[in-house]
Structures are given as C-alpha cells and as structure tokens.
Amino acid sequence: MHSTLTALLGLALQAGSVFSKPHPPASETFFNRTIYTPPADGRALYARIAELHTGSLLVTSSLSGDGIFEGELQAFPLWESEDGGASWTWISNITDQVNGWGMSAQPALLELRRPLGKFKPGTVLAAGNSWSNNGTRIDLYASTDKARTWEFVSHVAEGGRPNTTNGATPVWEPFLLHYEDELVVYYSDQRDPLHGQKLSHQTSSDLLTWGPVVNDARFDEYLARPGMTTVAYIPPIDKWIVTYELPVGNSSSHGSNYPVNYRLSDSPLTFDSSPSVEILITLANGTLFAPNASPYVVWSPSGGPNGTIIVSDADYSQVYVNTKGGAADAWEAKDSGHPAAYSRALHVFEKKQDLLVVVGGDTFDGNGVGALTLSVESVASLLGEETGPGKPPGFLVQMPTKA
Ligand SMILES: *[C@@H]1O[C@H](CO)[C@@H](O)[C@H](O)[C@H]1NC(C)=O
Ligand SMILES: *[C@@H]1O[C@H](CO)[C@@H](O)[C@H](O)[C@H]1NC(C)=O
Ligand SMILES: *[C@@H]1O[C@H](CO)[C@@H](O)[C@H](O)[C@H]1NC(C)=O
Ligand SMILES: *[C@@H]1O[C@H](CO)[C@@H](O)[C@H](O)[C@H]1NC(C)=O
Ligand SMILES: *[C@@H]1O[C@H](CO)[C@@H](O)[C@H](O)[C@H]1NC(C)=O
Ligand SMILES: *[C@@H]1O[C@H](CO)[C@@H](O)[C@H](O)[C@H]1NC(C)=O
Ligand SMILES: *[C@@H]1O[C@H](CO)[C@@H](O)[C@H](O)[C@H]1NC(C)=O
C-alpha cells in the first residue's frame, strides 16, 4: 500500500541533511556481531579497523594463544567484510618478516588514498609492535592486493624490551595518519629519560626513511605516562584532536587510574604546545565521572553544526560525546550497547557518516571469551539514546582495569 508515498518519504529522508535523524535501515545497524571467537586458550585484544575506498572493511587485532599459533610466532590476523560489517572472512595474517620476534601486539591499519613515495593509492598499510626480550620495534608493512599479502617496508622506531616500568626504554602502540604529503606514525615512547613515558611521532614522505622524534604530549611530572595515541580531524572548527590515557604513578582522578585526556590543535603535528584537558562528565547527582584507559577518538557530522566528537574507553560499554567542538564542559556519556573492551576501536563510515562502528576484543584482565565483536549504530540515535535493534538496555559496566 501507498508505495508511491513510501518512496517519496524515503527520498525525503535521504535528502535530509546529516543533522536530521536518518534512521538507517535495521539491516545496517546491529549489535555485538561476532567476527572471530578464539579457541579456549586464546584471545583477541586491541581491535583496529580501516575502510577501503571500495567500501570493504578490514579488522585486525593482536591475537594470542598456543592453540592458534602452535609454536609459530604471533601474527596479526586480518578479516574483511564486504557487507558493512555483517559478515567477516579471515583473509590473511600479517607476519613478522624481519625480526624473528613475531607481530606481538598493538596493530594499526590505514589505506592510502593518495600516492606516497613509490606507494600507489589503494595500498593498505599496517604497523604494529614486534617484540622479544631483545627489544620493541614499531614496524611498517604494506599490501598492494587489498590486504591479501604483505611486505615489510621499514622499521619506524625501536626501543628496549617490553617493560612498562618507568626507566625501561620500550616503544608502544602505533597510530597511522596520512597528513599532507607524509605518513605520520604516532606512538608511546619510554626512551626519554626525562619522562616515565611520553607521546611521540615521526613522519616520512617515502615510508622508508623517518624524520626526527617529535613530542606530542609530555609532562614535567616524571611519573606521568601519557599513552595510546589516537587522532581525528574536526572539520567544522578545522582542528585536530588527540586522545590518550594519562596515568600518573598510583594517583587517581575521580576513581580512574588511567584518566582520558585530549588536546586540540590546528595541525596534527603540533599537539605538544596545546594544553591537556581531562574528559570529565557531571553525573545527574553532581558527581564527576572520569572515563578510564585506552581511549579512541573519531568524529561524525551528525549531532549539530559542530558534529560529534566520539571517544571510547576501556572500562565501559558507553561512549563519550561532545557536540560543542571539544569544549571541556560539554562531554556526555551515551550508551553504545557494545561490550567494554581494552583499546576498543571506533570508525565512522565514509559514505554514511551517521553510522558509527564500535569494535572490540577482550578486556585487559580477560573476560573468559576473548572474542572479537562489532556493532554498527546511528550516531543520531546514540545521541538521542534510542534503543536500537538487539541493543540491550543501558548499563554501565563497572570493572577495574590496568593498562
Ligand atoms: C557479545 O558477544 C560475545 C561473543 O559472542 C559474548 O561472549 C558476549 O556475551 C556478548 N555480549 C553482549 C553484551 O551481548
Ligand atoms: C592465519 O594464521 C593462523 C595461525 O597460524 C592460521 O590458523 C590461519 O589459517 C591463518 N589464516 C590465513 C587466512 O592465512
Ligand atoms: C637476542 O640477541 C642475542 C644477541 O645478539 C641473540 O643471540 C638472540 O638470538 C636474540 N634473540 C632474539 C629473540 O632475537
Ligand atoms: C624493567 O625496567 C626496570 C627499570 O629500568 C628494571 O629495573 C627491570 O629490571 C626491568 N625488568 C625486566 C624484566 O627487564
Ligand atoms: C604504587 O603502589 C605500589 C604498591 O603500594 C608501590 O609499590 C609503588 O611504588 C607505587 N608506585 C608509584 C609510582 O608510586
Ligand atoms: C552519583 O551517581 C553515581 C552513578 O549512579 C554513583 O556511582 C555515585 O555513587 C553517586 N554519588 C553520590 C555522592 O551519590
Ligand atoms: C562549535 O565549536 C566552536 C569551537 O569550540 C564553538 O566556538 C562554537 O560555539 C560551537 N558551536 C556550537 C553550536 O556548539
């Protein structure tokens, strides 16, 4: 019935601006879809996601478990979805080709959309931390066949063996950004004797040779350990945002030992000169709440003139949103429905920018399942906190973490 009217309504909805509520079809949104369930002794942790120009999605994670690698070195698994995240195929493994250490943890993914050095648009880049008792190496790999096969490109940064004690000298947690004519590799850096840990980046215009170490966040307090950089662009205000966790010795902020901080800057290369702002949320009863650990930031045009900055943390199902261009007093918690996970990743679909992907594996302490799961939901619905298909009622997962 009323097929013409329905079609007209459909057109009107599609033509609506991104600021109206688009109500994507139910088939595009879903909660906690399983990508991979490891065998009983294994777990997938620290998920990362990239969208290709074809619209395909790639997901990777760190993976551990004797039943998976059976004596082989650890590798980063690579899954692909060609239907918006609904179904997934394991298409390759990113293996260590140079160190004999394995791809141990903390992957990062990015597809080049413009040429960079000898690398053509459509090249998929992957970085990660390859480590052994002899050191930590942030290594870069490339695929020219849509993530089917991988080739070592270069060592970006090298540090001491993995050891989170202040005074040790490892490097950790790369994040990739193609900015102007360079690749930026951000990472956590314990090599500077003035800081327990700081955030650094290096850039390259050919992916082979790397410029000097540039600071992104460091604190006079030696015990401060800013870590786990992620970066996003906020078009309406033409600014860049970096988020990071900020443990300082054993101190805590409103119950959080790894409070989430951010900086805004005109360029993604100059965060060091911006003030560090903590994400704090005033609860209904007036108490301040601080998100905890391993943040991830993205931006969506949904939510008003400034769009919405969306941040995930390690400990809670919810995400933290800011529709006021990152104003310090404008953060709110919204229930994503997706389970809490250590270093959960976010993504906004490039062609449907109201659709937010939340993807996560295990919690830091282990949830006994260690599966990699993904949710896709409407940012407009999230802001309105409507209940989506299969979305459980709002809940706040309270669990301790360390990172
Ligand atoms: C999400 O999926 C995982 C893996 O199937 C399952 O263990 C977990 O209980 C699910 N969580 C929710 C909140 O549905
Ligand atoms: C990836 O490596 C694991 C462990 O060796 C193996 O079981 C799996 O088949 C590999 N997958 C692909 C697509 O190569
Ligand atoms: C560590 O370095 C030592 C000395 O060079 C070497 O003998 C050993 O094979 C290395 N181990 C690994 C896992 O790279
Ligand atoms: C970790 O680093 C600390 C500080 O340098 C050092 O005292 C300790 O021996 C290191 N532990 C290992 C296992 O290397
Ligand atoms: C944190 O607390 C533990 C246990 O009380 C103590 O051993 C450690 O030295 C403290 N660390 C710092 C950086 O204060
Ligand atoms: C305020 O509300 C939060 C969340 O419900 C609760 O955890 C906290 O204890 C409350 N604080 C006070 C002072 O009642
Ligand atoms: C958008 O963000 C800018 C910069 O923070 C701010 O000045 C402006 O008031 C914001 N607009 C809205 C509608 O929140």
Side-chain angles (χ1 to χ4, degrees), residues 29-45 47 59 61 63 65 69 71-75 77 79 85-88 95-105 129-137 139 152 155 158-172 188-198 222-223 225 227 249 312 314-319 335-342 344-345 357-363 365-377 382 387-399 402:
T29 61
F30 41 82
F31 285 86
N32 202 34
R33 189 67 54 94
T34 298
I35 300 172
Y36 171 70
T37 306
D41 74 334
R43 59 185 198 146
L45 195 73
V59 160
S61 75
L63 193 56
F69 294 107
E72 298 166 50
L73 295 169
Q74 274 175 283
W79 291 274
S87 64
W88 292 87
T95 56
D96 168 15
Q97 300 174 5
V98 289
N99 303 323
W101 297 351
M103 296 310 283
S104 315
N129 203 339
S130 175
W131 71 49
S132 75
N133 278 340
N134 284 359
T136 44
R137 283 183 183 154
D139 286 351
F152 174 75
H155 297 295
E158 176 159 10
R161 65 199 289 186
N163 179 349
T164 54
T165 307
N166 291 332
T169 58
V171 290
W172 314 100
S188 310
D189 189 351
Q190 288 189 222
R191 297 170 303 181
D192 184 338
L194 294 177
H195 307 282
Q197 183 170 283
K198 66 180 183 179
Y222 174 80
L223 295 178
R225 292 176 55 86
S312 172
D315 282 9
Y316 301 93
S317 167
Q318 63 206 8
V319 291
D335 194 355
S336 78
H338 193 81
Y342 177 65
R344 205 169 60 162
V357 180
V358 188
V359 55
D362 208 349
T363 56
D365 292 326
N367 60 18
V369 182
L372 205 57
T373 68
L374 171 140
S375 298
V376 178
E377 58 195 295
L382 184 75
T387 301
K391 182 172 177 178
F395 65 100
L396 210 64
V397 184
Q398 297 277 4
M399 57 175 96
K402 27 189 193 324

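Atoms within each ligand, like the ligands themselves, are counted from 1 in listed order.
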[Y] backbone acceptor or donor facing [X] side chain under 3.5 Å:
X: Asn129; Y: Val171; answer: yes
X: Ser130; Y: Trp101; answer: no
X: Arg43; Y: Thr37; answer: no
X: Gln74; Y: Leu63; answer: yes

Query raised in the report: In ligand 3, which numbered atoms sit nearer than 4.0 Å to a non-hydrogen atom of Trp101?
Result: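 It comes down to these atoms of ligand 3: 12 (C), 13 (C), 14 (O).
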Query raised in the report: What atoms of ligand 3 come closer than 4.0 angstrom to any heavy atom of Asn134?
Result: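 Answer for ligand 3: 1 (C), 2 (O), 3 (C), 8 (C), 10 (C), 11 (N), 12 (C), 14 (O).
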Query raised in the report: Mind checking whether Thr373 has an N or O less than 3.5 Å away from an N or O of ligand 1?
Result: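 N/O-N/O distance under 3.5 Å: no.
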Query raised in the report: Are Arg137 and Asp139 within salt-bridge range, i.e. N to O under 4.0 Å?
Result: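 Salt bridge flag = no for Asp139 with Arg137.
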Query raised in the report: Between Ile35 and Leu374, which heavy-atom pair has the shortest distance, and what is it?
Result: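 For Ile35 and Leu374, the tightest heavy-atom pair comes out as CD1-CB, 3.9 Å.
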Report task. Identify, by atom number and element, the atoms of ligand 1 in contact range of Val369, meaning under 4.0 Å from any of its heavy atoms. Result ->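 Near Val369, meaning under 4.0 Å from one of its heavy atoms, ligand 1 has 7 (O).
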Requested in this report: For Thr34, counting its heavy atoms only, list the atoms of ligand 1 lying under 4.0 Å from any of them.
Outcome: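 Those of ligand 1 that fall under 4.0 Å from Thr34 are 4 (C), 5 (O).
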Query raised in the report: Mind checking whether Trp131 and Trp172 have parallel, tilted or perpendicular rings, split at 30° and 60°?
Result: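 Perpendicular: the ring planes of Trp131 and Trp172 meet at over 60°.
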Query raised in the report: Are Trp88 and Tyr36 an aromatic pair by the rule of ring centers under 6.0 Å?
Result: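 Centroid separation for Trp88 and Tyr36: 6.0 Å or greater.
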Query raised in the report: Who's touching ligand 4 if we go heavy atoms under 4.0 Å?
Result: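 Around ligand 4, where the cutoff is 4.0 Å for heavy atoms, the contacting residues are Arg161, Asn163, Thr165, Asn166, Gly167, Ala168.
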